[in-house]
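A short write-up of the structure that comes next.
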Amino acid sequence: MDDDLVETGLGVHRESVITVEGSVEEESRAPTGVEILPETVDVLAEADPELPLDPSGKVDAELPTRLDNRSLDLRKAEVKAVFEIRAEMLRAVREQFRALGCTEINTPKIVATGTEGGTELFPITYFGREAFMNQSPQLFKQLMVGSGLERVFEIGPIFRAEEHNTPRHLNEATSIDFESAFFDESDAMDACESVVIAAYEGVAEHCQNELETLGLAEEFAVPDEGFPRIPYEEAIEQINATGELDEQLVWGDDLPTEGERALGEEIGEHYFITEWPSEIKPFYIKDLDEDETLSTGFDLMHPRMELVSGGQREHRHSHLIEGFEQQGLEPEAFEYYTKMFKYGMPPHAGWGLGGERLVMTMLGLDNIREAVIFPRDRQRLSP
RNA sequence: GCCCGGGUGGUGUAGUGGCCCAUCAUACGACCCUGUCACGGUCGUGACGCGGGUUCAAAUCCCGCCUCGGGCGCCA
């Protein structure tokens, strides 16, 4: 072999980008059974000898180090596999939405008012006017069911300014939203279940290599149809019965994180919690006709955490206005929304699914930041 | 927002007042060995977040700041 080639080959630092031309020779001692006998070696992009993390995986790096150097991090097969699976999940979900007869829409992310009050919004300046980053496509997708589109979905970013610091929250997340005219909450849950199962099926079908890389090939299972639907009242009774909580829950309490986990452990699969107290669900969720202290709101839970929140919507204009007032919101600020309920808004239902949470629970990731290439959290604004 | 915990070579770590001009692994550099392939060997380079304080003595204790992680509330 040419001395210059040897020189180049020995001088190139790991993770540099090179081109090698030569003949492929069988070689039983090589791990792949073949070796390339080079005729030329060109260094296209030299890498610094000291790397900020080790892509070979011999030495671990902590998550912040990895996120600061994401390109290098993504050279690791296990990290890459997560995002290949995420991409497949999104593809499968889109396909299922189309099978359900949905039209994909995109709604504004810069808005004049919040969606539902409660969660914190990021303020921005919009040509000198106060504006916000949208926390949810909720109101916009509802307006679509009264349009000619009637059944829609959107996959897009949502922004929440909550200063939480947990392994399951992001300040910029991917929301998978669904809304359909002439659906009640039960129809919406059916659709929700089918979309979650489709995501798992897509991954099972197209990502076997990635699952193997992650060491999940054996255990990965598509969830069975017919997720249990547990009324809120039963859910709190079951949680109380586990004895995991220091204080017993009473009707009207939201489920604390610890309670969710205790219940999840008990049930051991995806499940819906239905018939939430009206008072802890937002104004746009419809109450049950037979008992207005209960709402049509539901949550889809994975044993580890909440994945989806949904329900049948309040489509009656006068009830909607009342709801705004009860939550201390000014209906006037939302007139762009409420006025469309005066011109024939069909009964409808829908839900929003946390895309990163779906990936995280599907792959058993410890931290939701592992499911986003460039996550935005309380501390992190770049890269 | 409230409450915990942490910041030591490029990376990941050991080190709870003197044994530390700081351990180990990996990386990096030099040499040697070698049909190696997570090669092996010898030698070398390289670090206590910042500022103040306590003490004869501080990586170690105290205070402030910066920064990161976690728990809860809330949520997807």
Side-chain angles (χ1 to χ4, degrees), chain A residues 1 9-15 25 27-37 47-69 72-73 76 114-121 134-138 154-178 192 196 245-247 253-261 276 280-282 297-302 304-311 350-361 366-369 371-372 375 377-381:
Chain A
M1 207 187 301
L10 291 176
V12 68
H13 294 126
R14 63 193 185 131
E15 299 301 319
E25 307 284 344
E27 174 52 70
S28 58
R29 284 166 300 197
T32 56
V34 292
E35 283 186 347
I36 296 175
L37 196 59
D48 277 356
E50 293 216 315
L51 302 172
L53 59 79
D54 173 20
S56 80
K58 269 182 285 195
V59 181
D60 285 339
E62 293 199 342
L63 189 55
T65 306
R66 294 174 43 206
L67 295 176
D68 285 338
N69 302 280
L72 281 179
D73 187 45
K76 291 189 272 193
T115 304
E116 19 196 304
T119 61
E120 304 277 329
L121 299 167
N134 204 189
Q135 60 165 259
S136 161
Q138 180 63 34
E154 173 166 13
I155 299 176
I158 56 171
F159 304 91
R160 303 199 172 177
E162 295 287 342
E163 296 197 40
H164 36 45
N165 192 4
T166 81
R168 61 186 186 285
H169 286 97
L170 294 164
N171 292 294
E172 177 175 351
T174 307
S175 186
I176 299 172
D177 271 89
F178 168 84
C192 180
V196 169
L245 265 49
D246 294 338
E247 276 185 48
D253 285 344
D254 215 333
L255 301 190
T257 306
E258 207 182 351
E260 281 182 2
R261 262 196 293 263
W276 287 79
I280 56 174
K281 283 290 171 188
F298 63 84
D299 285 357
L300 173 65
M301 309 295 297
H302 177 275
R304 286 176 69 194
M305 72 189 75
E306 180 180 345
L307 290 182
V308 171
S309 184
W351 41 263
L353 161 64
E356 284 80 14
R357 287 193 176 182
L358 182 59
V359 174
M360 179 185 183
T361 53
D366 291 331
N367 194 312
I368 197 163
R369 295 164 181 85
V372 191
D377 62 35
R378 168 84 189 277
Q379 317 292 350
R380 183 168 291 275
L381 192 51

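Predicted model only: the values in this text are computed from it and were never measured. In what follows, chains carry the letters A, B, and so on, assigned in the order in which the sequence lines appear, proteins first and then strands, with residues in each chain numbered from 1.
- Per the geometry, CG belonging to Leu51(A) stands 13 Å off P belonging to G10(B), to the nearest Å.
- Going from the C1' atom of G6(B) to that of C48(B) covers 14 Å, rounded to whole Å.
- A donor and an acceptor atom sit less than 3.5 Å apart, one in the side chain of Arg357(A) and one in the base of C75(B).
- Spacing of P atoms, U36(B) relative to G40(B), comes out at 13 Å, to the nearest Å.
- Rounded to the nearest 0.5 angstrom, Arg380(A) CZ and Glu172(A) CD are separated by 13.5 Å.
- As judged by a 4.0 angstrom heavy-atom cut-off over every strand, Leu170(A) is placed among the base-contacting residues.
- In a base pair of the Watson-Crick type (N1 to N3 plus N6-O4 or O6-N4) or a G-U wobble (N1-O2 and O6-N3), with each distance short of 3.5 Å, G64(B) is matched with C50(B).
- Set against G12(B), G73(B), G35(B), the side chain of Glu35(A) has G35(B) as its closest nucleotide.
- Nucleotides G7(B) and C65(B), compared at atom C1', are 14 Å apart to the nearest Å.
- A donor and an acceptor atom sit less than 3.5 Å apart, one in the side chain of His169(A) and one in the base of C75(B).
- One atom, CZ of Phe298(A), and another, P of A76(B), lie 12 Å apart when rounded to the nearest Å.
- Residues His169(A) and Glu162(A) have side chains not in contact (no heavy-atom distance under 4.5 Å, counting atoms from C-beta outward).
- With hydrogens and angles ignored, no donor-acceptor pair closer than 3.5 Å exists between the side chain of Glu50(A) and the base of G9(B).
- The base of A76(B) sits within donor-acceptor range of the side chain of Arg160(A), with an N or O pair under 3.5 Å.
- Note that CG of Leu51(A) is 6.0 Å distant from CG of Leu72(A), once rounded to the nearest 0.5 Å.
- Taking the charged nitrogens against the carboxylate oxygens, Asp299(A) and Lys281(A) do have a contact shorter than 4.0 Å, which makes a salt bridge.
- Taking atom C1' in both G9(B) and A27(B), one finds a spacing of 11 Å when rounded to whole Å.
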